[in-house]
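Just below is one structure, and these are the notes that go with it.
Counting starts at 1 for both ligands and their atoms, following the listed order.
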Amino acid sequence: MNIRATDTKAVPTGFAPASLSDKAATYALDAAKSIGRLAMRRVKRTADVVDSEYNLLHWQRTLSEKSWTRSASIVDFIAPRNSASDLRKVDNQICRVAADDYYRYRARALGELLARYTGDATDIIELGAGCGVNLLSLHLNHPDWRLRGFDIAPNGIAAGREIAAYYGLSDRISLDRIDLTDGTDPSYSAIRDKVVFTYFCIEQIPYDVRKVVDNIIAARPKRVINIEPTTELLNFTSPRDIVSFLYIRSVDYQTQLFSTLDDYERQGRVRILARDRMPFAPTIHNDGFLYCWEPT
Ligand SMILES: C[S@@+](CC[C@H](N)C(=O)[O-])C[C@H]1O[C@@H](n2cnc3c(N)ncnc32)[C@H](O)[C@@H]1O
């Protein structure tokens, strides 16, 4: 495929849909792995587990490797050369796609998706931003946006700040600490009247979903866009959704966010503006669903 590595607009179009036999074999293997996880070592996703998976492992590695210092551009950093092909969801189709092709496509797709829900806001906040990879993707598509990320993981925040500084973006992209489960966290004041989004963050807080939603509502953001996986909205007549259900249960991701928001809409606490399913995902087992809502 002929793509310029520094341009997310130069995304290959027309990824070929995966064959039936490829899908069947991949779904079966994925389901077997999830069943194995459920049977062998049931994960209970507590704050300590999240800290060891993200702060102490993932973001610590990102911080120590500093791969951005060896990347010629932001796109090279967020979509490093990697030809490992896998089944992924691209424009609502399951395709076999190389990792670097997917992540270049994803950077643009995320920018287009969020822009559909942010209205005319240019001050955008991500809660649970990790080291800010989504913020970098959004910057590529919307260089006029001022982007702020918050996360609980010190190593993610430190990496995000270094990355922003390295690309000369410290005035456009900032990272700070928040604990979303703590309604008294002073960083909650930053989201007042702002458009905020979460992206595969509340999935990590299954033990406190309602509290996090309550805290966000109490902080009075203008609008919230939650992009999170869940079991709540899966269609159990779809083989892939059964694979997703097994995966989500086996890693103990959240399963109440969207029913909580539906409930709060019935109570008149929030107004849901859009419900959607993500058109892209890096695997077959973990699509995000999207709710866009405002506190009433
Ligand atoms: C799966 S990562 C997603 C990161 C980022 N949204 C992305 O897509 O690259 C989940 C993030 O949620 C953060 N997180 C988990 N619990 C949190 C909490 N109570 N408050 C704030 N962030 C939290 C983790 O530290 C982690 O960085």
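Considering backbone and side-chain atoms together, V133 places no N or O closer than 3.5 Å to any N or O of ligand 1. Residue W59 has at least one nitrogen or oxygen atom sitting less than 3.5 Å from a nitrogen or oxygen atom of ligand 1, judged on distance alone. The distance criterion of under 3.5 Å between nitrogen or oxygen atoms is met by E126 with respect to ligand 1. Backbone and side-chain nitrogen or oxygen atoms of L180 are examined, and one is located within less than 3.5 angstrom of a nitrogen or oxygen of ligand 1.
Atom 8 (O) of ligand 1 has its closest protein heavy atom at N134 ND2, 3.0 Å. For atom 10 (C) of ligand 1, the closest heavy atom belonging to the protein is F200 O, 3.3 Å. In terms of protein heavy atoms, atom 24 (C) of ligand 1 is closest to D151 OD1, 3.5 Å. Looking at atom 15 (C) of ligand 1, its nearest protein heavy atom turns out to be V50 CG1, 3.6 Å. At the shortest separation from atom 12 (O) of ligand 1 among protein heavy atoms lies C201 SG, 3.7 Å. What sits closest to atom 19 (N) of ligand 1 on the protein, heavy atoms only, is D179 OD1, 3.0 Å. Among all protein heavy atoms, the one lying closest to atom 23 (C) of ligand 1 is I152 CG2, 3.5 Å. Regarding atom 4 (C) of ligand 1, its nearest protein heavy-atom neighbour is G128 O, 3.4 Å.
Atoms SG and CG, on C95 and L87 in that order, are 9.0 Å from each other to the nearest 0.5 Å. The distance from atom CD1 of I125 to atom CZ of R146, rounded to the nearest 0.5 Å, is 9.0 Å.
For R271 and T296, the side-chain atoms include no donor-acceptor pair closer than 3.5 Å. Side-chain contact of R210 with Q256: a donor-acceptor pair under 3.5 Å is absent, judged by distance alone. Remark: the D276 side chain and the Y117 side chain contain an N/O donor-acceptor pair separated by less than 3.5 Å. Between the side chains of R275 and Y291, at least one donor-acceptor pair of N or O atoms lies under 3.5 Å. The closest side-chain donor-acceptor pair between N226 and W293 falls under 3.5 angstrom.
Which parts of ligand 1 touch T181 is read off a 4.0 Å heavy-atom cut-off, strictly below it: atoms 19 (N). Below 4.0 Å from some heavy atom of I205 lie the following atoms of ligand 1, by number and element: 16 (N), 17 (C), 18 (C), 19 (N). Each of the atoms 25 (O) of ligand 1 lies under 4.0 Å from some heavy atom of A153. Taking every heavy atom of A129 and a limit of under 4.0 angstrom, the matching atoms of ligand 1 come to 5 (C). Near Q204, with a cut-off below 4.0 Å to any heavy atom, the atoms of ligand 1 are 1 (C), 10 (C).
Neither the backbone nor the side chain of D51 comes within contact range of ligand 1; no heavy atom lies under 4.0 Å. Only the side chain of Y54 comes within 4.0 Å of ligand 1, judged by heavy-atom distances.
Ring-plane geometry between Y167 and F77 is classed as tilted, the angle between the planes lying from 30 to 60 degrees on a 0 to 90 degree scale. Between F245 and F236, the ring planes are perpendicular. Angles over 60° get that label, and only those under 30° would be called parallel. Between H142 and W145, the ring planes are parallel. Angles under 30° get that label, and only those over 60° would be called perpendicular.
In this structure, N55 does not count as a contact residue of ligand 1, since none of its heavy atoms falls inside 4.0 Å of the ligand. At least one heavy atom of E203 sits less than 4.0 Å from an atom of ligand 1.
Side-chain contact between I248 and S34: absent, with no pair of heavy atoms (C-beta onward) separated by less than 4.5 Å.
Between D182 and K211, no side-chain nitrogen of the basic residue sits less than 4.0 Å from a carboxylate oxygen of the acidic one, so the salt-bridge criterion is not met. Taking the charged nitrogens against the carboxylate oxygens, D263 and R266 do have a contact shorter than 4.0 Å, which makes a salt bridge.
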